[in-house]
Amino acid sequence: MTPRTTVAADGPDPIDVHVGQNLRTRRKELGLSQERIAQVFGISFQQVQKYERGTNRICASKLYILSKVLEVPVSYFFEQAPPVSDVPNHQDIPDDVLDLTELYYQIKDPQVRQRVVSLARALSSKA
């Protein structure tokens with residue numbers, strides 16, 4: 001699965017919107033313009049607008065730098081964030097899946113790991 005960095009067909013991710021709102025709030029508290037934030041990163045102020053609206057996701061490295069520029073911990077951007085409902089809780093994952101994952105990571109030989117993946121693919125296509 002590739003990471004999503006722009007808005008999906010059904011709209012921005014609620015977490016990205018929340019992070020963007022916190023960015024905007026803190027930027028305004030400090031009296032900084034979108035142009036100033038853009039200068040720090042070497043991006044356009046339009047990109048900052050997209051971050052603040054949540055239509056573009058802020059990567060971890062930029063979020064870290066933003067936390068320093070805005071003088072807040074990284075966690076500030078996620079305070080009171082909406083719950084993530086589509087991420088499985090570890091209690092929702094069947095025991096056999098957890099066992100299989102643990103056993104897979106105990107295999108040290110990358111070629112053997114690849115064979116296990118190939119076997120799983122072959123078995124799943126015959127199911």
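Numbers here are sequence positions counted from 1.
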Next item on the list: Mark yes when over 12 heavy atoms from residues, nucleotides or ligands other than Asp99 sit less than 6.0 Å from its CG; otherwise mark no.
Entry: yes

Notebook entry, point to check: With sequence neighbours excluded, what pairs up with Val17 under the side-chain contact (heavy atoms from CB on, under 4.5 Å) test?
Noted result: Pro12, Gln21

Notebook entry, point to check: Taking a hydrophobic cluster as the set of Ile, Leu, Val, Met, Phe, Trp and Tyr residues connected by side-chain heavy atoms closer than 4.5 Å, whether directly or through intermediates, do Phe45 and Tyr51 fall within one such cluster?
Noted result: no

Notebook entry, point to check: Are any of the side-chain heavy atoms of Lys68 and Ile65 separated by less than 4.5 Å?
Noted result: no

Check: What's the spacing between Leu70 CG and Ile37 CD1 if we round to 0.5 Å?
Finding: 5.0 Å

Next item on the list: Check side-chain contact (heavy atoms from CB on, under 4.5 Å) between Pro110 and all other residues, then give those that pass, not counting sequence neighbours.
Entry: none

Margin query: So for atom CD, which belongs to Gln111, do other residues, nucleotides or ligands contribute more than 12 heavy atoms lying within a distance under 6.0 Å?
Written below: no

Next item on the list: Identify the two heavy atoms, one from Ser67 and one from Pro73, that lie closest to each other, and give their separation to 0.1 Å.
Entry: CB-C, 4.0 Å

Checklist line | Heavy-atom side-chain proximity of Val117 to Tyr104 below 4.5 angstrom | finding: yes

Check: Which distance, rounded to the nearest 0.5 Å, do you find between the CZ of Phe77 and the CG of Asp16?
Finding: 13.0 Å

Next item on the list: Looking only at non-hydrogen atoms, find the nearest pair between Ile58 and Lys62 and report the distance.
Entry: CG2-CB, 3.8 Å

Margin query: So which atom in Ile15 and which in Ala81 form the shortest heavy-atom distance, rounded to 0.1 Å?
Written below: CD1-CB, 4.0 Å

Check: For the side chain of Arg113 and the backbone of Tyr105, is there at least one donor-acceptor N/O pair under 3.5 Å apart?
Finding: yes

Check: Can you name the side-chain contact (heavy atoms from CB on, under 4.5 Å) partners of Arg36, sequence neighbours left out?
Finding: Leu32, Ser33, Gln39, Val40

Check: Could you give the distance from OG (Ser124) to CG (Leu119), rounded to the nearest 0.5 Å?
Finding: 9.5 Å

Check: Just how far is it from atom CG of Asn22 to atom CZ of Phe78, taken to the nearest 0.5 Å?
Finding: 9.5 Å

Notebook entry, point to check: Given side chains that start at C-beta, do those of Arg53 and Arg24 come closer than 4.5 Å, heavy atoms only?
Noted result: no

Note to self: Quick check for you: to the nearest 0.5 Å, what is the distance between Leu66 atom CG and Tyr76 atom OH?
What the structure shows: 11.0 Å

Margin query: Within this structure, what is the CZ-CD distance for the pair Phe41 and Gln47, rounded to the nearest 0.5 Å?
Written below: 11.0 Å

Check: Counting distance only, does the side-chain N/O of His18 pair as donor-acceptor with the main-chain N or O of Asp13 below 3.5 Å?
Finding: no

